[in-house]
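Working notes for the structure below.
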Protein chains: 2
Amino acid sequence: MKNKEKHLLYRDVQDALELIGGRWRGAIMASLCNDPKRFTELKKDLEPITSRTLTKELRYLEQNRLIIAVRGSQAKNAVCYSHSEHGSSFAPLILQLREWAIKHRTIMLEVLKFDQ
Amino acid sequence: MKNKEKHLLYRDVQDALELIGGRWRGAIMASLCNDPKRFTELKKDLEPITSRTLTKELRYLEQNRLIIAVRGSQAKNAVCYSHSEHGSSFAPLILQLREWAIKHRTIMLEVLKFDQ
DNA sequence: AAAATTAGTATCTTTAAGGATACCAAATTG
DNA sequence: CAATTTGGTATCCTTAAAGATACTAATTTT
């Protein structure tokens, strides 16, 4: 029990970071924060992502219920991607990650100045 | 300007996720949340991480000022790793990542039940 | 009806992360 | 002073993520 809890301490973090880690998954979630987007819009927004990668990551996020893909009933060419309810519960974390990244950048710049 | 901001939207998220992404970096930060730890303690806590990987990731986190390594002045064999000030500003995010991972898990379990 | 757009596939290749295993010098403990 | 512990290195290897490039069927626009 003690041992298991010890593991869970970091295993949950590993799980979360697998879901939205890598180069694109978190970015896709961020891009969908404001509003639903079409495949092509996402691709433009996330430049230089490739079609292949975008497709793969969208499928992954869909399978893990973080996003919803609405495929047009008659028009197969119209697909709209948006956060699922659960996915949008991740939005606050995205904002904090951004803020933290910005803070980190300024700190690293200060350090660089100091080190010279 | 407009274009640049568009990019920053997700670039910050990418940056943050590079800093603490991958299999181990976030986990190491999580393991150091409660208290400073020695190399060997970290290794036990993060089992099954290898020495090689732990060393590499600790160096990375140190270079990026997320952790501090205190190397004993006379005893070279005593090294203590802890969050830097900046690193500990990441602790709240770790907690939220954990909570979110747990929520995600329960949601996926529900979905599995439903899909059968 | 021709041209362009949408939402992808299909291959092939590169790169990076990380594991497996063996080894090690300095310090500490018994 | 011998054994063990600490905090790592050094090599070699596997796997997964992602890029490059070319292609496409269905739809929409002109």
Side-chain angles (χ1 to χ4, degrees), chain A residues 7 10-11 13-32 35-64 66-82, chain B residues 7 10-11 13-32 35-64 66-82:
Chain A
H7 282 298
Y10 71 87
R11 290 262 164 97
V13 176
Q14 283 184 321
D15 286 356
L17 287 175
E18 196 186 315
L19 281 166
I20 48 88
R23 179 166 180 194
W24 294 115
R25 298 216 259 264
I28 292 170
M29 290 302 285
S31 175
L32 289 176
D35 34 59
K37 290 212 176 83
R38 304 280 297 267
F39 184 88
T40 314
E41 290 178 288
L42 278 169
K43 212 190 158 204
K44 260 179 209 142
D45 195 33
L46 297 173
E47 226 163 1
I49 197 173
T50 63
S51 284
R52 179 184 178 275
T53 301
L54 182 53
T55 303
K56 272 189 54 178
E57 300 301 23
L58 286 172
R59 296 289 174 274
Y60 178 91
L61 293 171
E62 198 185 355
Q63 272 173 32
N64 285 279
L66 299 183
I67 64 171
I68 293 174
V70 179
R71 298 181 170 80
S73 42
Q74 76 289 40
K76 246 190 72 185
N77 269 21
V79 185
C80 197
Y81 293 96
S82 59
Chain B
H7 281 299
Y10 70 88
R11 291 262 164 97
V13 176
Q14 283 184 322
D15 286 356
L17 288 175
E18 196 187 314
L19 281 165
I20 49 87
R23 181 168 178 193
W24 294 113
R25 298 215 258 265
I28 291 170
M29 290 302 284
S31 174
L32 289 176
D35 34 59
K37 291 212 176 82
R38 303 281 296 269
F39 184 89
T40 314
E41 289 177 288
L42 277 169
K43 211 190 157 204
K44 260 178 211 144
D45 195 31
L46 298 173
E47 226 163 1
I49 198 172
T50 62
S51 283
R52 178 183 177 276
T53 300
L54 182 54
T55 303
K56 273 189 52 179
E57 300 301 25
L58 286 172
R59 296 289 174 275
Y60 177 92
L61 293 171
E62 198 184 356
Q63 273 173 31
N64 285 279
L66 298 183
I67 64 171
I68 293 174
V70 179
R71 297 181 171 80
S73 41
Q74 76 289 39
K76 247 190 69 185
N77 269 20
V79 184
C80 196
Y81 294 95
S82 59

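What you see is a predicted model; the values in this text were computed from it and never measured. Convention: sequence-line order gives letters A, B, ...; per-chain numbering from 1.
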Could you grab the distance from atom CD of B:E57 to atom CG of B:L42, nearest 0.5 Å is fine?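 CG of B:L42 is found 12.0 Å from CD of B:E57.
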
Looking at OH of A:Y10 and CG of A:L17, how far apart are the two atoms once the value is rounded to the nearest 0.5 Å?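 Spacing of OH (A:Y10) from CG (A:L17) equals 13.5 Å.
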
[N] phosphate, OP1 or OP2, under 4.0 Å from [X] side-chain N/O:
X     : N      : result
B:T53 : C:dG19 : yes
B:R38 : D:dG7  : yes
B:T50 : C:dA20 : no
A:Y81 : C:dG8  : yes
A:R23 : D:dG19 : yes

What does A:E57 touch in the nucleic acid at a heavy-atom separation under 4.0 angstrom: a base, only the sugar-phosphate, or nothing?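 If one applies the 4.0 Å heavy-atom cut-off, A:E57 turns out to touch the sugar-phosphate alone, with no base involved.
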
Would you classify B:S51 as touching base, sugar-phosphate or nothing, given that sugar-phosphate means primed atoms plus P, OP1 and OP2, and contacts are heavy atoms under 4.0 Å?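 Base, at least one base atom sits under 4.0 Å.
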
Residue [X], side-chain atoms from C-beta onward, closest of [options]:
X     : options               : value
B:F39 : C:dA26, C:dT6, D:dG7  : D:dG7
B:R59 : C:dG18, D:dA18, D:dT9 : D:dT9
A:W24 : D:dG19, C:dA7, D:dG7  : D:dG19

Specify the separation, in whole Å, of atom [atom1] of [X] and atom [atom2] of [N].
X     : N      : atom1 : atom2 : result
A:E47 : D:dG19 : CD    : C1'   : 15 Å
A:K56 : C:dT11 : NZ    : P     : 15 Å
B:R71 : C:dA27 : CZ    : C1'   : 16 Å

Regarding D:dA26, can its base be found pairing with the side chain of A:N77 as donor and acceptor, where the two atoms are less than 3.5 Å apart?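 Looking at the base of D:dA26, it does pair with a donor or acceptor on the side chain of A:N77 (distance under 3.5 Å).
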
Once hydrogens and angles are ignored, does a donor-acceptor distance under 3.5 Å link the base of D:dA10 to the side chain of B:R52?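 No pair found.
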
Return yes when atom CD of A:E18 has more than 12 non-hydrogen atoms of other residues, nucleotides or ligands closer than 6.0 Å, and no otherwise.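 At most 12 heavy atoms, drawn from other residues, nucleotides or ligands, come within 6.0 Å of this atom.
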
Backbone of B:E41 reached by a side-chain donor or acceptor of B:D45 within 3.5 Å: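 The answer is no, because no donor-acceptor pair under 3.5 Å joins these two groups.
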
Mapping A:A78 and A:G21 to their closest nucleotides on DNA chain D, which lands nearer the 5' end?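 Looking at DNA chain D, the more 5' nearest nucleotide goes with A:G21.
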
Quickly, which of B:I28, B:T53, B:V79 forms a side chain to side chain contact (heavy atoms under 4.5 Å, CB included) with B:L58? Name it, please.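 The passing option is B:I28.
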
